[in-house]
K.L.:
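Here it is, the structure, as structure tokens.
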Amino acid sequence: MNSQPMRLDLLASPEARQRLAPLMAGMNQEPVLNAPLALIVSADLALDKSMRELGTSEQMLARLAGSLEMRKSLARDSALIQLGYLVLALRAEGLDVGVMTGADLAGVDAEFHADRPWQAIAVVCVGHGDADAFHPRAGRHEFDAVSQVL
């Protein structure tokens with residue numbers, strides 16, 4: 001289903017990032033303050049309102065309108081998929097990207113989304129990082145440990 005529920009707050013000013021920083025987990029505050037751009041990635045819980053423009057059937061729109069749980073589930077799952085593509089696109093453009101979920105996301109919503117039905121799902125720092133600040137790549141699971149071939 002073509003729902004496109006991801007919404008973005010682009011925090012380009014230091015003042016906007018200073019509003020966000022106290023809502024981040026301790027180790028995530030400095031990256032937010034130092035990044036040239038921080039994104040609040042959210043899921044639009046009123047996605048049924050914008051899906052009409054995308055050609056969604058009236059029957060599906062009515063089902064979504066009648067179920068907050070269905071809207072939350074669809075919005076969050078689809079926005080997370082969109083976030084994955086956004087990260088790939090930003091990295092393909094040569095930007096460094098740090099995705100963080102260590103935050104008071106309800107507090108982020110209260111601070112930035114009080115007037116809209118957006119639910120924050122992550123914060124993303126975007127820019128060109130300092131090579132000295134990068135951590136070595138952590139281990140990865142072996143294929144057989146996380147997969148089964150049937």
Side-chain angles (χ1 to χ4, degrees), residues 1-129 134 137-138 140-141 143 146-150:
M1 180 179 325
N2 185 15
S3 59
Q4 300 178 28
M6 183 177 72
R7 303 293 181 261
L8 300 172
D9 294 290
L10 288 80
L11 309 182
S13 72
E15 296 79 18
R17 292 189 304 280
Q18 286 170 355
R19 286 175 53 202
L20 176 61
L23 301 168
M24 301 300 296
M27 64 188 213
N28 293 337
Q29 292 178 359
E30 187 176 337
V32 164
L33 291 170
N34 292 335
L37 179 65
L39 308 174
I40 300 171
V41 181
S42 301
D44 185 355
L45 301 185
L47 73 162
D48 56 310
K49 306 287 189 270
S50 63
M51 286 176 63
R52 178 169 276 109
E53 302 166 22
L54 305 175
T56 304
S57 72
E58 291 300 320
Q59 180 182 11
M60 179 53 79
L61 292 173
R63 285 184 64 206
L64 288 167
S67 174
L68 177 59
E69 286 308 310
M70 183 184 281
R71 289 195 312 274
K72 282 183 175 181
S73 177
L74 177 62
R76 182 176 174 75
D77 292 351
S78 296
L80 285 167
I81 293 168
Q82 286 184 279
L83 171 57
Y85 282 109
L86 176 63
V87 168
L88 289 173
L90 292 169
R91 288 182 176 161
E93 290 297 318
L95 293 164
D96 294 318
V97 179
V99 179
M100 299 173 282
T101 56
D104 172 7
L105 295 176
V108 171
D109 290 334
E111 177 69 23
F112 292 92
H113 303 145
D115 62 341
R116 57 183 53 149
W118 295 6
Q119 187 173 62
I121 59 174
V123 172
V124 180
C125 291
V126 181
H128 295 288
F134 289 116
R137 182 175 173 165
R140 299 293 187 263
H141 293 295
F143 177 83
V146 297
S147 305
Q148 70 174 348
V149 178
L150 305 173

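Sequential numbering from 1 along the given sequence is applied to the chain's residues.
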K.L.:
Kindly say whether Met24 contributes a backbone atom to a donor-acceptor pair with the side chain of Gln29 at under 3.5 angstrom?
P.N.:
yes

K.L.:
Output the distance between atom CG (Leu80) and atom CG (Leu86), rounded to the nearest 0.5 Å.
P.N.:
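So the CG of Leu80 and the CG of Leu86 are separated by 12.0 Å.
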
K.L.:
Look only at the side chain of Arg71 and the backbone of Leu47, and say whether a donor-acceptor pair between them is shorter than 3.5 Å.
P.N.:
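Absent.
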
K.L.:
Do Pro5 and Gln82 make a side-chain contact, defined as non-hydrogen atoms from C-beta onward lying under 4.5 Å apart?
P.N.:
yes

K.L.:
Rounded to the nearest 0.5 Å, how far apart are OG of Ser73 and CG of Leu45?
P.N.:
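Answer for the OG-CG pair, Ser73 versus Leu45, is 11.0 Å.
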
K.L.:
Would you call Val124 and Leu83 a side-chain contact if the rule is heavy atoms closer than 4.5 Å?
P.N.:
yes

K.L.:
With rounding to the nearest 0.5 angstrom, report the CG to CD1 distance, Leu20 to Ile40.
P.N.:
5.0 Å

K.L.:
Nearest 0.5 angstrom please: Met60 CE to Leu74 CG, how far?
P.N.:
8.0 Å

K.L.:
Just list the side-chain donor-acceptor pairs under 3.5 Å for residues 111-118, sequence neighbours left out, or say none.
P.N.:
| from | atom 1 | to | atom 2 | distance (Å) |
| --- | --- | --- | --- | --- |
| Glu111 | OE2 | Arg19 | NE | 2.7 |
| Glu111 | OE2 | Arg19 | NH2 | 3.2 |
| His113 | ND1 | Asp109 | OD1 | 2.9 |
| His113 | NE2 | Asp9 | OD2 | 2.4 |

K.L.:
Closest heavy-atom contact between Gly127 and Pro36?
P.N.:
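Taking Gly127 first and Pro36 second, the nearest heavy atoms are CA-CG, 3.8 Å.
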
K.L.:
Please answer whether the main-chain N or O of Ala12 pairs with a side-chain N or O of Arg17 as donor and acceptor at a distance below 3.5 Å.
P.N.:
yes

K.L.:
To the nearest 0.5 angstrom, please state how far the SG atom of Cys125 sits from the CG atom of Asn28.
P.N.:
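Here the rounded value is 8.0 Å.
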
K.L.:
So, does Arg52 use its side chain to make a donor-acceptor pair with the main chain of Leu61 at under 3.5 Å?
P.N.:
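Checking the backbone N and O of Leu61 against the side chain of Arg52, no donor-acceptor pair under 3.5 Å is found.
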
K.L.:
What pair of heavy atoms forms the shortest contact from Ala122 to Val99, and how long is it?
P.N.:
CB-CG1, 4.2 Å

K.L.:
Considering non-hydrogen atoms only, spot the tightest contact between Val32 and Met100 and give its length.
P.N.:
CG2-CE, 3.8 Å

K.L.:
Are the side chain of Arg7 and the backbone of Ala79 linked by a donor-acceptor contact shorter than 3.5 Å?
P.N.:
no

K.L.:
Any chance you could lay out the side chain to side chain contact (heavy atoms under 4.5 Å, CB included) test for Leu23 and Val123, step after step, and finish with the verdict?
P.N.:
CA-CA 11 Å; Leu23 301 168; Val123 172; over 6 Å; no

K.L.:
Rounded to the nearest 0.5 Å, what separation is found between the CG atom of Leu54 and the CD atom of Gln4?
P.N.:
5.0 Å

K.L.:
Between Arg140 (side chain) and Ala138 (backbone), is there a donor-acceptor pair under 3.5 Å?
P.N.:
yes

K.L.:
Between the main-chain N or O of Arg63 and the side-chain N or O of Ser67, is there a donor-acceptor pair closer than 3.5 Å?
P.N.:
no

K.L.:
Could you check Leu8 against Val41 for side chain to side chain contact (heavy atoms under 4.5 Å, CB included), going step by step and ending with a plain yes or no?
P.N.:
CA-CA 5 Å; Leu8 300 172; Val41 181; 3.8 Å; yes

